[in-house]
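Written below as structure tokens is the structure these notes are about.
Note: hydrogens, waters and symmetry copies are ignored here, and every other heavy atom, side chains too, is used.
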Amino acid sequence: MSRTVVISGGGTGIGRATADVFARAGDRVVLVGRRSDVLKRTADELADALARHPGDDGPRGTGTGEVVTIAADVAETHGARHVRDVVSERFGRVDVLVNSAGGNAALGSPAGDGDAVEQAAEHWVGNFRSNVLTAVLLTEALRDLLTAPGGRVVFVSSIAAYRGSGSGSYGASKAALHPYMYDLAASLGPTGITVNAVAPGYVADTEFFRGQLAPERERTLIDQTLNGRAATPHDIARTMHWLASPDSGHVTAQIVQVNGGAERGR
Ligand SMILES: NC(=O)c1ccc[n+]([C@@H]2O[C@H](COP(=O)([O-])OP(=O)(O)OC[C@H]3O[C@@H](n4cnc5c(N)ncnc54)[C@H](OP(=O)(O)O)[C@@H]3O)[C@@H](O)[C@H]2O)c1
């Protein structure tokens, strides 16, 4: 049966690849992000690709691989509520929630006019908004719509929660998702809903580094893996698709490392 899959950050990078994987399997994907033009372009491209190369269960199977967009800032309560209102009215349920929206607010130009305290405040608040509030507010907004039993929630953490991220604030914001994920898994477990997270390492072909990843830094990140390569967005997407499948029904409250072994380190 076709599922309704809400993907925050679905317009780019890991979220976009996740939408591709679920839509090819015949699910309806709901892409959420702040930029409506980016969402629309992605939706058009995914729908076009689906029409040309349908998935195994796509138009020939039970599902239609429908792609829907909702523009919203889910770090804001009104944005999260807007997503809930639209999803509730149009589809009435959420079978899978993928919280991929996020990013590193400490990347790019230094904040706070060079004042260390201002800069720290800006980076820490920015990263908690970007990575914690986006995931928590959207999850709280949608939790009553989750299909029970069988519903799935997946968070996108990061290797930075284990190895740091340079400034501390990004990794700390990802680590903050872990106890929330665990408490949610405990709360929803009796209803047959699983809650898990993935922890990617360096993923190429996303907007995460805003085109500013220095070649030496990229080399270092790749050298930290045991298989000598960057992840593709589809590496992460396929793991999340498995976590959302009936086959993983006894897997909950877990953080799956999808980083080529880099979490263990070299
Ligand atoms: N790339 C990596 O190496 C890597 C490694 C580990 C973990 N991650 C994590 O993976 C997740 C996906 O990132 P990515 O690598 O795919 O980078 P990305 O291409 O920058 O994707 C992030 C997405 O989140 C959306 N977003 C950000 N803030 C939002 C908000 N407040 N409300 C709604 N949407 C928001 C962005 O769209 P809008 O700007 O249009 O809102 C964008 O589509 C993030 O949580 C990131 O921290 C990435």
Side-chain angles (χ1 to χ4, degrees), residues 5-25 27 29-35 38-39 41-43 45-46 49 55 67-70 72-75 83 96-105 107 127 130-136 138-139 152-163 165 170-171 173-175 177-178 181 195-213 218 221-222 225 227 229-245 248 254-260 262-263:
V5 182
V6 177
I7 305 169
S8 74
T12 66
I14 294 168
R16 176 187 166 126
T18 305
D20 179 54
V21 171
F22 278 91
R24 279 182 191 286
D27 290 323
V29 293
V30 181
L31 314 183
V32 178
R34 290 167 299 187
R35 293 167 294 171
V38 171
L39 292 175
R41 190 169 62 235
T42 296
E45 288 171 3
L46 290 178
V67 186
V68 176
T69 67
I70 304 175
D73 182 346
V74 293
V83 177
V96 181
L97 169 60
V98 175
N99 286 297
S100 190
N104 187 349
L107 283 179
N127 269 323
S130 182
N131 297 294
V132 182
L133 286 186
T134 52
V136 171
L138 187 60
T139 302
R152 300 282 191 261
V153 181
V154 185
F155 294 93
V156 179
S157 179
S158 171
I159 193 172
Y162 301 86
R163 293 187 59 142
S165 53
Y170 173 69
S173 69
K174 289 300 192 185
L177 292 175
H178 299 176
M181 183 271 294
V195 184
N196 292 287
V198 293
Y202 167 48
V203 185
D205 300 326
T206 74
E207 293 186 354
F208 183 85
F209 293 97
R210 302 172 201 168
Q212 293 174 16
L213 181 62
E218 181 179 38
L221 294 173
I222 290 172
T225 67
N227 54 358
R229 71 170 177 88
T232 67
H234 276 81
D235 284 323
I236 317 303
R238 282 190 282 264
T239 303
M240 292 200 279
H241 190 253
W242 175 75
L243 283 171
S245 73
S248 69
Q254 301 304 308
I255 302 161
V256 182
Q257 305 292 330
V258 196
N259 46 52
E263 179 253 341

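Residue Ile159 holds its CD1 atom at 13.5 Å from NZ of Lys174, rounded to the nearest 0.5 Å. Atoms CG and CG, on Leu138 and Leu97 in that order, are 5.0 Å from each other to the nearest 0.5 Å.
Closest non-hydrogen pair, Leu177 versus Ala135, comes out as CD2-CB, 3.8 Å. Annotation for Gly260 and Asn227: closest pair CA-OD1, 3.6 Å, computed over non-hydrogen atoms. The minimum heavy-atom distance linking Thr232 with Val203 is given by the pair C-CG1, 3.8 Å. Closest non-hydrogen pair, Thr134 versus Ala101, comes out as OG1-O, 3.6 Å. Among all heavy-atom pairs drawn from Ala244 and Val96, the shortest one is CB-CG1, 3.9 Å. Minimum interatomic distance between Ser165 and Ala160 (heavy atoms only, all atoms of both residues): CB-CB, 3.7 Å.
Counting only heavy atoms from C-beta outward, the side chains of Val83 and Val74 approach each other to under 4.5 Å. Proximity of Val32 to Ile7: side-chain heavy atoms (C-beta onward) are nowhere separated by under 4.5 Å. Between Ile236 and Thr18, the closest side-chain pair of non-hydrogen atoms is not below 4.5 Å. Counting heavy atoms from C-beta on, the side chains of Val30 and Ile70 come closer than 4.5 Å. For the pair Ile255/Tyr162, a side-chain contact is recorded, criterion being any heavy-atom separation below 4.5 Å from C-beta on.
Using a cutoff of 4.0 Å between basic side-chain nitrogens and carboxylate oxygens, Arg24 and Asp20 are scored as salt-bridged. Ionic pairing of Glu207 and Arg35 is present here: one or more N-O contacts between side-chain nitrogen and carboxylate oxygen are shorter than 4.0 angstrom.
A side-chain N or O of Asn131 and one of Ser173 form a donor-acceptor pair less than 3.5 Å apart. Side chains of Ser157 and His178: a donor on one and an acceptor on the other come within 3.5 Å.
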Item to complete: Show the numbers, then the answer: is there a side chain to side chain contact (heavy atoms under 4.5 Å, CB included) between Val29 and Val68?
Response: CA-CA 6 Å; Val29 293; Val68 176; over 6 Å; no
Discussion item. Would Val21 and His234 count as a side chain to side chain contact (heavy atoms under 4.5 Å, CB included) here? Give the steps.
Written reply: CA-CA 8 Å; Val21 171; His234 276 81; 3.6 Å; yes
Fill in: Stepwise salt bridge (charged side-chain N to carboxylate O under 4.0 Å, His left out) check, Arg229 with Asp235
CA-CA 12 Å; Arg229 71 170 177 88; Asp235 284 323; 2.8 Å; yes
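You'll find the ring centres of Tyr202 and Phe208 outside the 6.0 Å limit.
Within a 6.0 Å radius of CG in Asp73, more than 12 heavy atoms belonging to other residues, nucleotides or ligands are found.
Under the side chain to side chain donor-acceptor pair (under 3.5 Å) criterion, Asn99 pairs with Thr139, sequence neighbours left out. Every side chain to side chain contact (heavy atoms under 4.5 Å, CB included) that Ser100 has, sequence neighbours left out, goes to Ile14, Val98, Val156.
Counting only distance, with no hydrogens or angles, the side chain of Asn127 and the backbone of Ala105 share a donor-acceptor pair below 3.5 Å. The backbone N or O of Glu263 sits nowhere less than 3.5 Å from a side-chain atom of Arg163 that would complete a donor-acceptor pair. The main-chain N or O of Trp242 is found under 3.5 Å from a side-chain atom of Ser248 such that the two form a donor-acceptor pair. Side chain of Arg210 to main chain of Leu107: a donor-acceptor pair is present (N/O by atom type, distance under 3.5 Å, no hydrogens or angles). Side-chain atoms of Asn196 never come within 3.5 Å of backbone atoms of Val154 as a donor-acceptor pair (strictly under, hydrogens ignored). Without hydrogens or angle criteria, Arg16 side chain to Thr42 main chain gives no donor-acceptor distance under 3.5 Å.
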